[in-house]
Amino acid sequence: MNQFLIADDHPLFREALKGALQTQFEGLEVFESENFETTLSVLSSQEELDLLLLDLHMPGSGDLYGLIRIREDYPSLPIVVISGSEDLAIISKVMGYGAMGFIPKASSSQDIARAIEHVLEGDSWLPASIKDKVSGLEIADKEVAQQVASLTPQQYKVLRYLHEGLLNKQIAFELHISEATVKAHITAIFRKLGVYNRTQAVLIASKLQLEPVEAMS
């Protein structure tokens with residue numbers, strides 16, 4: 001019996017995907033999470049998961065940070081990204097950062113099941129229409145992933161606010177923490193990223209193609 005985790009913030013999509021998968025995989029047990037925090041909670045409590053179906057834009061995941069963080073913490077867990085975006089640059093990064101498959105949300109239940117079967121057998125999977133168009137990661141991008149993987153979720157939130165140009169007091173207000181705590185996070189971020197100022201940290205954050213920080217709420 002397989003155990004899958006669907007990590008997506010849209011309950012109707014989770015319900016539809018769960019129903020479709022249970023018709024394709026006999027005896028399937030499905031767990032659900034709606035944000036990055038609950039996803040980490042399920043991952044820590046369910047040690048027998050066979051697959052994670054991950055939405056890149058789930059609240060709290062910070063786009064690619066969620067994938068990078070989970071891959072770092074759970075190196076043997078197969079991860080398949082399900083997304084409404086089919087941007088080749090993003091897909092290339094997704095696969096380079098450790099996903100074993102990328103499935104467009106518009107895919108049929110049969111195509112989704114076929115993709116998952118490939119991944120469960122140890123193979124990677126991409127839609128045939130884009131398979132030959134996806135490029136590998138450059139060394140610099142791999143180094144960024146290793147650096148970002150060392151950040152805690154809270155530190156990554158601070159990094160994203162730095163990317164948005166917020167001052168320390170504004171970050172403190174948004175995260176409901178003190179300015180001293182913000183400064184401590186920034187010091188840790190600089191150390192982990194191997195940088196010495198905000199500009200350098202923001203350049204690293206930019207390589208992950210971040211969206212506006214409101215998407216994390």
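- The main-chain N or O of L151 is found under 3.5 Å from a side-chain atom of Y65 such that the two form a donor-acceptor pair.
- When the salt bridge (charged side-chain N to carboxylate O under 4.0 Å, His left out) test is applied to R114, the partners found at least two apart in sequence or on another chain are D111.
- Side chain to side chain, K192 and Q147 fail the donor-acceptor criterion of an N or O pair below 3.5 Å.
- Residues forming a side chain to side chain donor-acceptor pair (under 3.5 Å) with S83 (at least two apart in sequence, or on another chain): none.
- Heavy-atom contacts from other residues, nucleotides or ligands closer than 6.0 Å to CD of E37 number 12 or fewer.
- Other residues sharing a hydrophobic cluster with L17 under the 4.5 Å side-chain heavy-atom criterion for ILVMFWY residues are F4, I6, F13, L21, F25, L28, V30, L51, L53, V80, I82, M100, I103, I112, I116, V119, L120, W125.
- Sorted pairs that involve residues 37-56 and meet ring-ring contact (aromatic ring centres under 6.0 Å, His included), not counting sequence neighbours, are lacking altogether.
- Applying the 4.5 Å side-chain rule to ILVMFWY residues, one finds that L12 remains a lone member of its cluster.
- By the side chain to side chain donor-acceptor pair (under 3.5 Å) test, N35 is found to be paired with T38, residues two or more places apart in sequence or in another chain being considered.
- Residues that satisfy the side chain to side chain donor-acceptor pair (under 3.5 Å) test with Q3, not counting sequence neighbours, are E29.
- For R14, the salt bridge (charged side-chain N to carboxylate O under 4.0 Å, His left out) criterion is met by E32, not counting sequence neighbours.
- By the 4.5 Å side-chain criterion applied to Ile, Leu, Val, Met, Phe, Trp and Tyr, L167 is assigned to no cluster and stands alone.
- Counting side-chain heavy-atom gaps under 4.5 Å among Ile, Leu, Val, Met, Phe, Trp and Tyr, L203 is found in no cluster with other residues.
- Residues forming a side chain to side chain donor-acceptor pair (under 3.5 Å) with T181 (at least two apart in sequence, or on another chain): S178.
- Partners of S109 by side chain to side chain contact (heavy atoms under 4.5 Å, CB included), not counting sequence neighbours, listed by chain and number: A20, Q24.
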